[in-house]
Amino acid sequence: MRSASTTLRRICGRHSSPASICSQYRTLATFVERDIVILRQKSNQDNIIVSKPLNPANKINTHKGDISHADIIGKSPRDLVTSSAGHDYRIHTITLAEYVSMTRRLVTPIYPADANLIVSLFDLHSSRADEAEKIEILEAGTGHGALTLHLSRAIHGANTQCPKPAPVSEGTDDLSATEQESTDEQTECDDAVTAWKASRKAVIHTIDISPKYSKHAAKVVAGFRHGLYADNIDFHVGDASAWIKSEHARRDSEEPFLTHAFLDLPATHDHLSAVASALKNDGILIVFNPSITQILDSIQKIKREDISLFLDQTLELGNNGSSGGKPWDLRAVKPRASIKAQTTEHSSDSAQSSGSEAPSETPQELNQAITRDPAQTLKEIKPEDSDWTYVCRPKVGERITGGGFLGIFRKMNNPVRP
Ligand SMILES: C[S@@+](CC[C@H](N)C(=O)[O-])C[C@H]1O[C@@H](n2cnc3c(N)ncnc32)[C@H](O)[C@@H]1O
């Protein structure tokens, strides 16, 4: 029996020039059309230029003279190219980190060091094996597409190659072959691509409320290595919670389908309930917030609305390339006196939910912990939460850097009890 990808290649193969498929998977021996390269001036390594997708008809205008794309095509990494004014530039393959940091952006992206940490925290283990659980990741918002690309690289091994035409980046015109195909053949190919998409073992559903940002991000993704990681990603435009609701309806099931979720958008706490409804048991939700008090908003929302998530870890991100995640101690705690006064017995699950636990500190230690950051801690406590108080502090002895916070939550099947 033919494999799905062989069948698809038979149907759609003619739409992809051999060069466009091979260039995704070739070793980077020589540069070809549509590659994006970095040029470093030989006599001044700080003078760095990122090219547009290479096109023999184009040239790069620099204040040190013009560099023709045609002079780069066919060369190898680390070869030199000379500008019209006689200056030498060394040609390099662009890395993913350089690409997401240096491409034109419309919104602030997650920077590469932080993206790598997030991917690592997701603990992704992709496999093409039939029995392997399908990985379905929700990312909201898409923004620049920076984290999208990092996530897609991590899951790429799970999927076979889609032999549809490689996405075309700005400045190229090789769609003409596709456009000349008959409608019937195109439909057959589209159906085959749809079937291939349904068979993927790992998918990123990335959603942004802004059509403009989503379109730009899709272009950013398509521009990296001829769209090498594009086929693992489905782009959606709309509100994150609304998309989850529509997805339940489309699947005609209230069953959770996400293995992982990442939220980097305003008012993340407003989306927790929807995400929890779609996240599988023990699935990971990572929330990025610029401020620690926004992570507290999520904890409070989970408590108040019995959302079936608990806070596993809180990490502070570095902003100077030294990211590794700085641990914070962020917990809802009940003073012992209040626990004793309660007549109802709590299950062990409820004691751990939302990162809540009976305090290990004495009341004096607890007070000391809270007053280290009283403004952030106390202003969030609402009258109805008067039994609960919050520890909100960097873990002792850690280096302080800055750059935002990650709340790492896990889905649990048993709901939180007050
Ligand atoms: C800071 S950017 C995300 C950057 C992205 N993580 C990256 O690495 O490039 C935040 C994005 O959230 C989007 N957004 C805001 N509200 C949203 C909502 N309710 N649903 C989906 N996306 C939303 C914004 O349009 C914006 O593009």
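Numbering of ligands and ligand atoms starts at 1, following listing order.
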Just by distance, do the side chain of Asn44 and the backbone of Asp46 share a donor-acceptor pair under 3.5 Å?
-> yes
Neighbouring protein residues of ligand 1 - any heavy atom closer than 4.0 Å | Thr108, Pro109, Ile110, Gly141, Thr142, Gly143, His144, Gly145, Ala146, Leu147, Ile207, Asp208, Ile209, Ser210, Tyr213, Gly238, Asp239, Ala240, Asp264, Leu265, Pro266, His271
For Ile137, which of Ile284, Ile155, Thr148 qualifies under side chain to side chain contact (heavy atoms under 4.5 Å, CB included)?
-> Ile155
Distance only, no hydrogens: is a donor on one side chain within 3.5 Å (strictly under) of an acceptor on the other, for Thr103 and His144?
-> yes
Which residue, Thr93, Ile94, Asp35, forms the side chain to side chain contact (heavy atoms under 4.5 Å, CB included) with Arg225?
-> Thr93
Residue among Arg200, Lys201, Arg251 satisfying salt bridge (Lys or Arg N to Asp or Glu O under 4.0 Å) with Glu136 | Arg251
Pairs satisfying salt bridge (charged side-chain N to carboxylate O under 4.0 Å, His left out), at least one member in residues 274-288, at least two apart | Glu133-Lys280, Asp282-Arg410
